[in-house]
Amino acid sequence: MNNIEHIYGLLTRDAGRLGGLPLWLALRALPMLVAAFLVLLLLSPAPGRATVAAEEALLDGLASGHMLLQSGSDGRYTPALMQASKVHIEVSGMIATVSLEQSFRNDSSLSLEGLYVFPLPDTAAVRYLEMTVGGRRIVGKIRERAAAKKLYAQAKASGRRASLVEQQRPNIFTNRVANIGAGETVTVRLEYVQNVAFANGEFSLRLPTTLTPRYPPGGAHEEALSPPQFPGEGDERAPLNPLEVSVRLDMGVPLARVEAPYHDITLARRAGVYSICLSNGVTAMDRDFVLTWQPVSGSTPTATLFTEKVDGQYYGLLMVLPPAVERAGPVPPREVIFVVDTSGSMGGSSIAQARDSVSRALLELRPEDRFNIIEFNSVYRTLYRR
């Protein structure tokens, strides 16, 4: 409102100086000038937007999970000293539980805020988060985003140590840590659960340990940031950002092979359970850790039951592996049944897409194949009786 009043004052004064320009003409031009002023105001970079762009640019420049320290004077980020990174994976059938532990140290002479960035699989579910800052232990709790930010700001302002975890995008999480004292060590312990992939008779598990580049809209990379300089860089004897990986693989069935295509591993087997570790003990966090294994194929299905006790309750997981099928001749005729929802929720483009999908699938059938279509809403009916 003050800006608008200021513009109005300039217009009325200038109208008297222009000698012959009526005041009403200047007043009629006022809305256009105010609109132009508001457009320029909206287009000007806001501090909040600049901060977000700077953090996005910072994420693009990192190669793996790191703790970055932000100084209070200029807001620039510098990497904390990484001390250790350990990952242990427990595989039981189709479920993998990943436990990650990383420690960093603030080797500056100031108390700083930290930004911890770590990659996760797209479908991972985090079930435990703990941070130790100096001698204080912080256990993560789930809160709504607005409430979490408010609690974090209050704790930070009062000088207490606090942590705020946010999801930046599907596979990137950031964790803010307030008031990391000079010389203090920050230890992050994270545990998440994910599905094991199975395709073409092979199981696989990927552990992301790198952050892939991302290009935000508008190319917001103009904020000046301190380039990461990591201890031990250039030293061929010590890997950059050393990572230790161990795996306990329990499939309940005999395995034909176990491989890690991008790392050298050592295997040990006892009572059908595999213990896996890196041959060199540690590796650089410059590529994902991928583990693949294939069960021994048989002519009959194989079933395995896994059990677990959680909070006094027992849970079971039944895994059934199909038998190996060898195609000795032509593919036998198929029978395909399409089930199509035609209720009110399918109106508009949804029913059009369903219709197109069925039409395209029908074109893929051969003369010897059979098909039927079942339509359902509050009742159901079939296209053919048999």
Side-chain angles (χ1 to χ4, degrees), residues 52 56 59-60 91 93-96 98 119-126 144-145 166-173 192-208 210-220 261 288 290-295 297 299-303 317-386:
V52 173
E56 287 286 354
L59 296 181
D60 294 340
V91 179
M94 299 289 293
I95 302 296
V98 182
L120 286 176
D122 293 346
T123 58
V126 177
E144 292 184 358
R145 179 178 293 239
E166 294 184 276
Q167 182 177 3
Q168 296 295 104
R169 43 191 189 262
N171 66 329
I172 301 296
F173 286 76
Y192 63 89
V193 181
Q194 69 173 108
N195 293 333
V196 174
F198 179 73
N200 301 320
E202 181 182 82
F203 293 91
S204 64
L205 179 67
R206 178 181 294 270
L207 175 67
T210 58
L211 298 179
T212 54
R214 178 179 183 270
Y215 303 95
D288 291 352
V290 178
L291 189 67
T292 63
W293 60 96
Q294 185 175 27
S297 59
S299 57
T300 59
T302 304
L317 171 66
L318 177 64
M319 182 182 69
V320 181
L321 296 176
V325 178
E326 296 182 3
R327 300 294 185 185
V331 178
R334 294 174 293 179
E335 181 178 344
V336 184
I337 299 178
F338 302 95
V339 182
V340 183
D341 181 4
T342 60
S343 62
S345 62
M346 292 290 291
S349 61
S350 297
I351 192 65
Q353 293 174 2
R355 185 186 300 112
D356 293 342
S357 299
V358 173
S359 298
R360 178 170 297 185
L362 291 175
L363 293 176
E364 299 296 325
L365 297 181
R366 302 165 302 169
E368 61 270 22
D369 295 334
R370 297 172 179 267
F371 79 93
N372 205 346
I373 301 176
I374 300 177
E375 173 212 0
F376 76 94
N377 38 64
S378 57
V379 296
Y380 77 93
R381 64 191 180 99
T382 60
L383 179 61
Y384 300 111
R385 294 180 60 183
R386 51 181 296 184

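Any value given below was found using the heavy atoms of this structure, including those in side chains, with hydrogens, waters and symmetry copies removed.
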Answer yes or no: is there a side-chain heavy-atom contact under 4.5 Å between Asn372 and Phe338?
no
Could you measure the distance from the CD atom of Glu375 to the CZ atom of Arg381? Nearest 0.5 Å is fine.
4.0 Å
Hey, does Met346 have a side-chain heavy atom less than 4.5 Å from the side chain of Asn377?
no
Approximate separation, where rounding is to 0.5 Å, of Ile95 CD1 and Met319 CE:
11.0 Å
What distance do Gln194 atom CD and Leu207 atom CG have between them, rounded to the nearest 0.5 Å?
8.0 Å
Set of salt bridge (charged side-chain N to carboxylate O under 4.0 Å, His left out) partners for Arg370, sequence neighbours left out
none
Could you grab the distance from atom CG of Asn195 to atom CG of Leu205, nearest 0.5 Å is fine?
10.5 Å
Please report the closest heavy-atom contact between Ser204 and Val196, naming both atoms and the distance.
O-CG1, 3.5 Å
More than 12 heavy atoms of other residues, nucleotides or ligands under 6.0 Å from CZ of Phe198: is that the case?
yes
Any Leu291 side-chain heavy atom under 4.5 Å of Trp293 side chain:
yes
How close do Arg206 and Asp288 get, counting heavy atoms only, and between which atoms?
NH1-OD2, 3.4 Å
Can you list every pair that meets side chain to side chain donor-acceptor pair (under 3.5 Å) and has a residue in residues 344-364, with sequence neighbours left out?
Ser343-Ser345
Side chains of Pro323 and Pro301: does their closest heavy-atom pair fall under 4.5 Å?
yes
Who are the salt bridge (charged side-chain N to carboxylate O under 4.0 Å, His left out) partners of Asp369, not counting sequence neighbours?
Arg334, Arg366
Identify the two heavy atoms, one from Phe371 and one from Leu383, that lie closest to each other, and give their separation to 0.1 Å.
CE1-CD2, 4.3 Å
